[in-house]
Number of protein chains: 2
Amino acid sequence: MTHPPRDRLCEHLQRVPYFAGLDAGDLCQLAGLATWHEYAPGAIVFLEGDINTGLYAVDAGWVKVVKFSLDGREQVLRYFGPGEVFSEIGIFLARSNPATAITLERTALWRLHRSTLQPLFSAQPDLLLHVMANMADRIAHLAELVADLSLHTVEVRLARLLLEAGAGGTLTRQAWLTQAEMAARLGTVPDVLSRALRTLADAGLIRFDRRQITILDRPGLLQRAQLAL
Amino acid sequence: MTHPPRDRLCEHLQRVPYFAGLDAGDLCQLAGLATWHEYAPGAIVFLEGDINTGLYAVDAGWVKVVKFSLDGREQVLRYFGPGEVFSEIGIFLARSNPATAITLERTALWRLHRSTLQPLFSAQPDLLLHVMANMADRIAHLAELVADLSLHTVEVRLARLLLEAGAGGTLTRQAWLTQAEMAARLGTVPDVLSRALRTLADAGLIRFDRRQITILDRPGLLQRAQLAL
DNA sequence: CACCCAATCCGACAAAAGTCGTAGCGATTC
DNA sequence: GAATCGCTACGACTTTTGTCGGATTGGGTG
């Protein structure tokens with residue numbers, strides 16, 4: 001994970017789905033303004049309350065965006081992996097980050113600082129629309145998370161997560177996706193998640209060990225997730 | 001609440017904080033494209049899953065944006081009152097509404113349909129930035145809601161709500177803000193909310209009756225809200 | 001006024017979630 | 001191989017939340 005040469009940044013950005021469809025020349029202009037940052041696992045990219053940020057694009061690795069309670073419990077709002085862009089709120093000077101970003105493993109990010117973006121926006125309304133579309137995605141995702149937390153039990157939430165993540169039957173967990181991490185994602189604690197996993201396993205709906213979770217009975221799981229019948 | 005004459009729409013829009021700072025001529029152009037809609041209390045403005053919407057501005061009345069569970073429980077994402085604009089997601093054809101909008105009382109809305117907005121966006125990047133700033137606000141608000149639901153008890157959430165809403169000591173409730181409504185806002189059920197209100201009242205922190213809630217001990221309430229000490 | 005209806009309140013109970021202590025298991029390190 | 005560390009598992013317990021039946025209140029209506 002060494003610093004990619006300048007003349008390859010453009011190519012990099014074009015592979016980011018976020019920027020697909022944008023003019024190649026404009027993208028290269030963007031690339032020239034991006035800065036490269038490497039982080040160790042568990043490093044803080046930015047803190048809730050900070051205002052001095054911009055837009056981030058993940059080159060390699062994984063980042064989680066979280067909120068903390070005073071007593072240290074954490075709620076994951078979202079994970080971001082290679083090719084994804086986050087922190088749209090960093091575009092606005094008037095608003096501080098609503099959450100904290102932390103790396104989950106050794107991670108490399110591109111950063112487009114607010115000040116470098118402003119002129120581009122005026123020149124390239126298309127870019128603005130892309131960013132807006134991403135924000136719309138964030139809003140929909142968060143609204144779904146709110147509904148999940150408020151309206152469904154841990155078991156239902158877990159079933160939904162498994163159905164979503166393990167579209168292909170077996171879900172091989174990233175090394176960093178521990179039960180504690182999954183619990184923070186689902187808005188609960190490791191113990192409760194462990195119980196829920198066992199309940200689903202005992203019911204014959206899934207099978208799991210330390211590195212992967214297999215869906216054995218998708219229709220049954222859909223039912224537990226209150227998405228069917 | 002009769003249909004305002006066309007030549008006053010412009011003036012109306014200028015009073016919407018959302019559009020403050022935009023060029024007056026552009027606003028009048030916007031006004032000419034808006035359509036006027038009236039709703040009875042409890043009417044559905046749009047449903048989760050619909051895609052045929054646009055941007056709404058509240059002229060008079062109140063609207064709530066909610067998610068439902070299969071068994072009918074509801075979680076309020078946000079309330080919108082006079083002068084506020086909502087449903088930014090309606091701008092994107094590719095995305096269906098993530099939630100349902102319902103009126104709380106007799107309500108009048110302006111609607112700017114997607115198709116009428118698109119050309120304006122190209123001509124007026126400023127307008128885009130305004131919409132984006134509002135989306136940033138939605139994201140921050142939802143992130144806060146997620147953290148609240150996941151990390152705090154009902155009592156803490158209630159204390160926070162009271163501190164936020166009743167900045168001036170006494171909070172006179174809108175007629176529609178029943179305990180059931182407040183419960184849906186806090187992500188719980190009326191019974192539990194009633195208990196939490198009683199607990200705070202018994203502790204001498206608040207006083208409440210059917211039409212208003214008074215904060216008696218702000219520092220004490222701040223402590224309950226885990227925002228102090 | 002009598003009536004009705006929605007909102008609120010209450011107590012008892014059930015379910016879900018969180019806490020705690022302990023124990024086992026695996027991979028890594030020494 | 002032994003020691004260690006992080007992750008996972010499990011059982012017992014507490015707290016929080018949700019549910020239910022029924023009582024009470026208060027405003028509006030006929």
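Everything quoted here is computed from the prediction, not taken from an experiment. So that the names make sense, note that chain A is the first sequence line, chain B the second, and so on, each numbered from 1.
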Open item on the list: Tell me whether the side-chain N or O atoms of B:R211 pair up with the base of D:dG26 as donor and acceptor below 3.5 Å, since no angle test is needed here.
Closed with: no
Task: Pairing of B:E74 and B:K64 as salt bridge, 4.0 angstrom limit - done: yes
TODO: Considering only NZ, NE, NH1 and NH2 on the basic side and carboxylate oxygens on the acidic side, decide whether B:R173 and B:D209 come within less than 4.0 Å.
DONE: no
In whole angstrom, give the distance that lies between atom [atom1] of [X] and atom [atom2] of [N].
X      : N      : atom1 : atom2 : result
A:R198 : D:dA9  : CZ    : C1'   : 8 Å
B:R210 : D:dG28 : CZ    : C1'   : 13 Å
A:W176 : D:dC7  : CH2   : C1'   : 16 Å
A:D202 : D:dA9  : CG    : P     : 11 Å
B:E155 : D:dG18 : CD    : P     : 14 Å
B:Q179 : D:dG18 : CD    : C1'   : 16 Å
B:R173 : D:dG26 : CZ    : P     : 14 Å
B:E74  : D:dG18 : CD    : P     : 14 Å

Task: Flag side-chain contact, heavy atom, 4.5 Å: B:L104 against B:Y79 - done: yes
Task: Leading and trailing nucleotides of DNA chain C with any atom under 4.0 Å from heavy atoms of chain A - done: C:dA16 to C:dA27
TODO: Could you please spell out the steps behind the salt bridge (Lys or Arg N to Asp or Glu O under 4.0 Å) verdict for A:R195 and A:E155?
DONE: CA-CA 9 Å; A:R195 258 182 277 172; A:E155 192 180 308; over 6 Å; no
TODO: Kindly give the heavy-atom pair with the smallest separation between A:A180 and A:P190, and that separation in Å.
DONE: CA-CG, 3.8 Å
Open item on the list: Name the residue from B:F80, B:F86, B:W36 that meets the ring pair (Phe, Tyr, Trp, His ring centres under 6.0 Å) definition with B:Y56.
Closed with: B:F86
- [ ] Output the distance between atom CG (A:L186) and atom NE2 (A:H152), rounded to the nearest 0.5 Å.
- [x] 12.5 Å
Open item on the list: Please compare B:V189 and A:R195 by the position of their nearest nucleotide in DNA chain D and report the one closer to 5'.
Closed with: A:R195
- [ ] Side chain of B:D191 only, please: which of D:dA9, D:dT17, D:dC20 is the nearest?
- [x] D:dC20
